[in-house]
Amino acid sequence: VDFTRKPITKERLEKAIAKAREHLQRHPAQPHMLTVHTDRGRTLVRTTDIRWTTTPEHEKRDKLMHLTDGTVLRLKNITMDQLLELLPDHGFARINRSEIVAMDAVHLVADDTVQLKPEPRTGQVVQRHLGTAYKEAFLARMGRAL
């Protein structure tokens with residue numbers, strides 16, 4: 001959008017910031033979209049709609065993606081590592097071997113438990129296990145330590 005040269009003056013920096021703000025207002029960021037294979041076929045999902053993803057007990061190759069509207073999508077033949085590669089780095093974290101959570105869905109973390117914000121439609125509170133092997137990286141991503 002703009003650039004500045006050294007030595008940077010306050011006025012020039014303010015002008016560059018104003019140009020950047022104007023650009024963002026004219027071109028708002030589009031939500032990150034994810035294409036996944038589900039039991040319904042190829043499905044396009046907005047990553048901001050994802051709360052958490054887990055591996056079901058009976059079919060380890062599939063994943064259950066829980067969305068903010070209460071919908072659960074069955075992802076077909078995908079590993080957690082493959083899913084993490086598709087998701088934006090800053091917005092998601094693995095909390096144990098079989099689960100990924102959206103960072104903005106996290107309400108609180110206590111010892112070995114991650115509690116998600118209440119489900120918007122039903123108010124249901126979801127608690128997930130924070131695995132020892134993933135705890136340090138998860139807390140670092142949150143910018144905190146217990």
Pairs touching residues 85-109 that satisfy ring pair (Phe, Tyr, Trp, His ring centres under 6.0 Å), sequence neighbours left out: none
Residue pairs passing the ring pair (Phe, Tyr, Trp, His ring centres under 6.0 Å) test where at least one lies in residues 41-66, sequence neighbours excluded: W52-H66
Residues forming a salt bridge (charged side-chain N to carboxylate O under 4.0 Å, His left out) with E119, sequence neighbours excluded: none
T54 side chain to L64 backbone, donor-acceptor under 3.5 Å: no
Residues forming a side-chain contact (heavy atoms from CB on, under 4.5 Å) with R21, sequence neighbours excluded: I17
Close side-chain approach of T79 to K60, heavy-atom, < 4.5 Å: no
Salt bridge (charged side-chain N to carboxylate O under 4.0 Å, His left out) involving R74 - partner list, sequence neighbours excluded: D62
Results of side-chain hydrogen bond (donor to acceptor under 3.5 Å, both in side chains) for T113 - residues two or more places apart only: none
Side-chain heavy-atom pair I100, I95 within 4.5 angstrom cut-off: no
side-chain contact (heavy atoms from CB on, under 4.5 Å) against T35, all qualifying residues, sequence neighbours excluded: R42, L44
Under the salt bridge (charged side-chain N to carboxylate O under 4.0 Å, His left out) test, residues paired with R51 that sit two or more places apart: none
Co-members of F3 in a cluster of I, L, V, M, F, W and Y side chains, linked at under 4.5 Å: none
Residues forming a salt bridge (charged side-chain N to carboxylate O under 4.0 Å, His left out) with D81, sequence neighbours excluded: R94
With sequence neighbours excluded, residues passing side-chain hydrogen bond (donor to acceptor under 3.5 Å, both in side chains) with T43: T38
Qualifying side chain to side chain donor-acceptor pair (under 3.5 Å) pairs, either residue in residues 4-17, two or more places apart: D2-R12
